[in-house]
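Here is the structure we will look at, set down as structure tokens.
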Amino acid sequence: DWTGLYDLRVLSGLLTLGSAGLGGGSLVFANVLIRPDERVFDGRWPDGLDLAALAPFYERVETEIEPSPIPQTLDLAKDQVMRRAVEGLRRAGDLAPAPLGVDWDTCRLVAECEFGCPFGAKRTLDMTYIAGARKLGAEVRTSTRAIGIEPAAGGVRVHVASVPGRERSIIRARKVVLAAGTLGTVEL
């Protein structure tokens, strides 16, 4: 087993990039929290799954992550270049500031958001939802990969393997939350 931040996989010619750390994909995303346009939910989606149905969940996440655009008091060179570019294209009205999952009071503008902020300004799942779950008594294990789940009297048995390494063990639990990302959850 390899260890590291990125989980790169090739599936039938499709390349996927995820994260292999506590906090999952939130560790390697660029903090942008934009709701999709309604047109995304075309005929390929199951009936009843649309922007309106997902709105309460987007709202819940936005309440927890508290996305906000880069404060106007931060006059960043990259923003100046972007503004000039859209003005040159006569599309200035199309430029909307992206809501970012960043604590701007903590941010030191070191541009390490995609790799994990060393100052804790990036509002990743390990700092929000997982920290909240721990406060409520959830047990969180790192350097462990779930390799199977099966029903057991009074709950479930989770088969795990150490990472790196080959040690295997079984964890018994009343409840298990499957949050291993799109690929990991499907595998389980």
Side-chain angles (χ1 to χ4, degrees), residues 5-9 11 14-74 76 78-79 82-83 86 91-140 142 146 149 175-188:
L5 182 58
Y6 294 104
D7 180 11
L8 186 64
R9 301 183 192 199
L11 305 163
L14 175 70
L15 182 65
T16 65
L17 174 65
S19 177
L22 180 63
S26 75
L27 301 174
V28 296
F29 86 126
N31 305 347
V32 179
L33 290 128
I34 298 175
R35 293 186 191 196
D37 292 335
E38 182 65 46
R39 63 186 169 170
V40 168
F41 298 96
D42 57 18
R44 295 174 288 182
W45 292 82
D47 290 340
L49 189 58
D50 56 22
L51 192 55
L54 293 174
F57 303 102
Y58 285 115
E59 290 166 12
R60 184 184 296 172
V61 169
E62 290 164 353
T63 298
E64 182 69 32
I65 304 293
E66 300 175 338
S68 62
I70 296 172
Q72 291 182 345
T73 55
L74 298 176
L76 303 177
K78 66 180 183 175
D79 290 340
M82 179 66 81
R83 278 193 299 275
V86 296
R91 306 279 309 257
D94 293 342
L95 183 61
L100 304 174
V102 173
D103 176 352
W104 295 108
D105 293 331
T106 306
C107 180
R108 296 192 189 171
L109 301 174
V110 295
E112 294 182 14
C113 294
E114 283 82 2
F115 309 107
C117 177
F119 303 105
K122 185 175 180 180
R123 303 210 17 97
T124 51
L125 294 180
D126 56 318
M127 297 179 66
T128 55
Y129 284 101
I130 295 171
R134 278 184 160 158
K135 286 179 183 175
L136 294 173
E139 181 179 339
V140 177
T142 58
I149 299 174
K175 294 181 182 179
V176 172
V177 176
L178 288 179
T182 302
L183 299 177
T185 300
V186 170
E187 286 175 356
L188 287 172

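All values below come from the heavy atoms of this structure, side chains included, with hydrogens, waters and symmetry mates left out.
- Separation of atoms NZ (K135) and CD1 (I130) is listed at 13.5 Å; rounding is to 0.5 Å.
- Side-chain N or O atoms of S26 include one that pairs as donor or acceptor with a backbone N or O of L125 at under 3.5 Å.
- Atom OG1 of T185 is separated from atom CD1 of I149 by 8.5 Å, given to the nearest 0.5 angstrom.
- Taking CZ from R108 and CZ from F119, the interatomic distance works out to 4.5 Å, rounded to the nearest 0.5 Å.
- No more than 12 heavy atoms of other residues, nucleotides or ligands lie within 6.0 Å of CG in D47, so this atom counts as exposed by the packing criterion.
- With values rounded to the nearest 0.5 angstrom, I65 atom CD1 is found 3.5 Å from T128 atom OG1.
- From C117, atom SG reaches atom CG of L109 across 9.5 Å, with rounding to the nearest 0.5 Å.
- Closest heavy-atom contact between P71 and W104: CD-CD2, 3.5 Å.
- In this structure, R123 contributes its side chain and E64 its backbone to a donor-acceptor pair below 3.5 Å.
- At distances below 3.5 Å, not a single donor-acceptor pair connects side-chain atoms of K122 with backbone N or O atoms of E112.
- Atoms OG1 and CG, on T124 and L22 in that order, are 8.5 Å from each other to the nearest 0.5 Å.
- Closest approach of L51 and E38 over heavy atoms only: CB-OE1, 3.1 Å.
- Residues L33 and L100 come closest through the heavy atom pair CD1-C, 4.3 Å.
- Judged by distance alone, the side chain of D37 and the main-chain N or O of V40 form no donor-acceptor pair under 3.5 Å.
- Between G48 and A53, the shortest heavy-atom contact is O-CB, 3.2 Å.
- Residue-environment remark: CZ (R60) stays at or below the threshold of 12 foreign heavy atoms within 6.0 Å.
- In this structure, the side chains of P99 and I34 come closer than 4.5 Å at one or more pairs of heavy atoms.
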